[in-house]
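For the single chain, residues carry numbers from 1 onward in sequence order.
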Amino acid sequence: MTQPAITIANIIWGFDRTTHQVTVLLLKRAEDPFQGYWALPETTLRFNESADEAALRLVREKIGLNLDSFHTEQLATFTHPRRTPQQRTLSLAYMTFLPELPALTPGYEATAAKWFTFTPQADRYQVQAGPLTFTTQPATSQASYYAALAKRTATPQTALAFDHDWILTVACDRIRNKLDYQPNILLILGPAFTLKAARTVFAAFLRLDLTAIDNSNFKKNHQHLLTAVGTTAATHAGRPAKLYRLNYLA
């Protein structure tokens with residue numbers, strides 16, 4: 001009997017400082033299965049490396065960044081027999097929080113790479129780049145999802161490859177549930193950030209308008225996580241804003 005393959009899937013998050021929106025990296029697959037479909041970046045686990053090392057290697061190979069290990073966290077292991085159509089493949093999923101958005105090149109096994117804008121919907125999340133729009137699954141059970149996956153009729157314009165929409169759903173839920181005690185997602189803002197930028201990221205995952213998150217209450221409720229480290233450069237528009245960092249990473 002053939003042994004299952006083991007891959008590393010990496011949900012790579014970023015932040016567009018021009019549009020002030022959360023982004024996620026997707027690649028267009030060059031090979032079967034799911035040739036021509038968009039997918040999360042993946043790599044095969046090598047014999048001589050740990051899963052953590054493979055996740056960071058994937059970032060180096062796909063993006064060209066050498067990141068410290070605290071920029072990456074393990075998400076979950078996905079092992080359902082129906083998640084891949086051919087050889088059974090187990091996926092160890094990670095999340096990586098990029099402090100900058102470098103230019104992209106597709107690299108091996110991909111024909112295109114894009115930053116997709118991440119936006120909340122009523123009961124799910126959406127990622128979009130130009131005319132391409134993909135939506136995560138609404139909250140449901142894993143069993144229900146994979147039962148529906150077996151019957152799904154999808155095209156490269158309507159769905160991500162494999163079960164990557166489900167992996168993205170799990171990632172969004174993880175981030176949302178950790179916002180009040182370990183908001184690693186704020187690493188996408190760089191080593192220091194304003195409270196407004198932090199509120200913008202929180203609002204995206206909480207499915208709220210930015211105005212619904214009061215600045216003073218936000219600072220009070222999250223002061224145990226934040227340390228002031230300076231101010232932004234002065235402008236003619238008003239007083240410089242204070243800059244903060246995540247103190248539990250110091």
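- A donor-acceptor contact shorter than 3.5 Å is absent between the side chain of T158 and the backbone of A154.
- Listed for the Q74 side chain is no donor-acceptor partner under 3.5 Å among the backbone atoms of Y94.
- By the neighbour-count criterion of 12 heavy atoms within 6.0 Å, atom NZ of K178 is densely surrounded, having more than that number from other residues, nucleotides or ligands.
- In this structure, Y146 and H80 have parallel ring planes: the angle between them is below the 30° cut-off, well short of the 60° mark.
- H222 and F202 have their aromatic ring centers within a separation under 6.0 angstrom.
- Figure legend: R207 and Y125 shown as a cation-pi pair, the cationic atom lying under 6.0 angstrom from the six-membered ring centre and within 45 degrees of its axis.
- Residues L98 and L25 are not in side-chain contact: their nearest non-hydrogen atoms beyond the backbone lie 4.5 Å or more apart.
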Inset, instruction - Begin with the C-alpha distance, continue with both residues' side-chain angles, and end with the deciding distance and a verdict on side chain to side chain donor-acceptor pair (under 3.5 Å) for T96 and N10. - result: CA-CA 7 Å; T96 297; N10 205 333; 2.9 Å; yes

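- Residues meeting the ring-ring contact (aromatic ring centres under 6.0 Å, His included) test with F162, sequence neighbours left out: F34, H164.
- Ion pairing of E61 with R57 is present here, as a side-chain N (NZ or NE/NH1/NH2) and a carboxylate O approach within less than 4.0 Å.
- For the pair P191/R245, no side-chain contact is recorded, criterion being any heavy-atom separation below 4.5 Å from C-beta on.
- Note: F70 and F97 fail the aromatic proximity criterion, with ring centroids not under 6.0 Å apart.
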